[in-house]
Asker: 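Submitted below is the structure of interest, expressed as structure tokens.
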Amino acid sequence: MPRWTRHHRLMAIVAATWLAAGCAASGPPSATSPIASSGPPSAASPIAATTAAGTDDPGSPPASAPAIAASTTPAGSFDPAQPPPASLAVEGGDPVVGQLGSLTWGDGGSDSPWLPGAPIEVASGERLTVDVAGGPAVATWSARRVAGTARGSAGPVGLGSGPGPAAFDAPPVGVWSVAVTLDFAGELGSATYYWAITVR
């Protein structure tokens, strides 16, 4: 047999042996190989733990996300379709909402007789203030009184008037029906409120 043929056969055997060894080494990946551990994350894996906490999943908010508070209507807001309530108080005392009488508001209005008013007790010489919480500003005001039993039959006596919030001194000792008329800014209208004031 020629020398070159033996050489080629020897090279073929070496190549076949090398290929067989390589195929045996590249068999199925073992459980400890990096490829084997790249399957679905287990519950104990860092990826599974992160997704469960909601930090890497854009579809779910973080567990510590604060709840959105429900919106509420601000306290003291008034209905613009009618005059706002007005309350009378002395310093340190509880406010008392007055009885609503005659009014002009928007395109309407109503006339009311003199009312006895909501009861309140004050001391002689105390300063009385009228508050319209959450309502429009007061442009001008006027306050009048009659004896508690007269209910407007006798001529009312003025207690004060002026611009801005209403404030006036209590009438003399006795029982009185007091009317306070408020003219609201912006030409919204006017309203008269009544209180039955006992002055001691």
Side-chain angles (χ1 to χ4, degrees), residues 61-200:
S64 59
I68 299 174
S71 59
T72 56
T73 303
S77 60
F78 85 105
D79 180 0
Q82 59 187 355
S87 58
L88 183 73
V90 297
E91 184 177 356
D94 294 328
V96 175
V97 177
Q99 270 187 298
L100 180 60
S102 298
L103 62 94
T104 58
W105 198 261
D107 295 330
S110 67
D111 280 329
S112 169
W114 192 286
L115 302 175
I120 182 173
E121 291 190 9
V122 301
S124 177
E126 284 193 294
R127 188 74 169 167
L128 306 177
T129 59
V130 178
D131 183 50
V132 184
V138 174
T140 60
W141 64 275
S142 62
R144 299 166 293 154
R145 65 169 171 85
V146 296
T149 56
R151 301 226 178 149
S153 59
V157 176
L159 291 171
S161 62
F168 53 92
D169 292 333
V173 173
V175 179
W176 310 94
S177 179
V178 173
V180 178
T181 300
L182 304 178
D183 298 310
F184 294 100
E187 299 182 353
L188 289 174
S190 63
T192 301
Y193 305 86
Y194 294 87
W195 289 269
I197 300 179
T198 300
V199 183
R200 300 192 183 282

Asker: Using every non-hydrogen atom in the two residues, find where Pro163 and Trp141 come nearest and quote the distance to one decimal.
Answerer: O-NE1, 3.7 Å
Asker: Of all heavy-atom pairs between Arg145 and Trp176, which one has the smallest distance, and what is that distance?
Answerer: NH1-CZ3, 2.9 Å
Asker: What pair of heavy atoms forms the shortest contact from Ala167 to Thr129, and how long is it?
Answerer: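 It is CB-CG2, 3.9 Å.
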Asker: Measuring from Ser87:OG to Ile120:CD1, what's the distance to the nearest 0.5 Å?
Answerer: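 Ser87 atom OG to Ile120 atom CD1 measures 9.0 Å (nearest 0.5 Å).
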Asker: If you compare all heavy atoms of Ala118 against all heavy atoms of Gly98, which two are closest, and at what distance to 0.1 Å?
Answerer: CB-CA, 4.3 Å
Asker: Please report the closest heavy-atom contact between Pro136 and Leu188, naming both atoms and the distance.
Answerer: CB-CD1, 3.5 Å
Asker: Evaluate the side-chain proximity of Pro165 to Val138: yes if any heavy-atom separation is below 4.5 Å, no if none is.
Answerer: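 Not in contact.
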Asker: Show your reasoning for whether side chain to side chain contact (heavy atoms under 4.5 Å, CB included) applies to Arg144 and Trp114.
Answerer: CA-CA 11 Å; Arg144 299 166 293 154; Trp114 192 286; 3.9 Å; yes
Asker: After noting the C-alpha distance and the side-chain angles of Val122 and Leu128, does the key distance pass the side chain to side chain contact (heavy atoms under 4.5 Å, CB included) rule?
Answerer: CA-CA 9 Å; Val122 301; Leu128 306 177; 3.7 Å; yes
Asker: Does a side-chain heavy-atom distance below 4.5 Å link Gln99 with Ser112?
Answerer: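 Heavy-atom side-chain distance check fails, nothing below 4.5 Å.
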Asker: Cut-off 3.5 Å, no hydrogens considered: what does the side-chain donor-acceptor table look like for residues 190-197, sequence neighbours left out?
Answerer:
from, atom 1, to, atom 2, distance (Å)
Ser190, OG, Thr104, OG1, 3.1
Thr192, OG1, Thr181, OG1, 2.9
Tyr193, OH, Pro84, O, 2.6
Trp195, NE1, Val96, O, 2.8

Asker: Check for a donor-acceptor pair, side chain of Ser177 on one end and backbone N or O of Leu115 on the other, with a separation under 3.5 Å.
Answerer: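 Yes, the answer is positive, given that a donor and an acceptor are paired below the 3.5 Å cut-off.
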Asker: Which atom names give the shortest non-hydrogen contact between Val178 and Phe168, and what distance separates them?
Answerer: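 Reported closest heavy-atom pair: CG1-CZ, 4.2 Å.
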Asker: When you look at Arg127 and Glu91, which way does the salt bridge (Lys or Arg N to Asp or Glu O under 4.0 Å) test go after all the steps?
Answerer: CA-CA 7 Å; Arg127 188 74 169 167; Glu91 184 177 356; over 6 Å; no
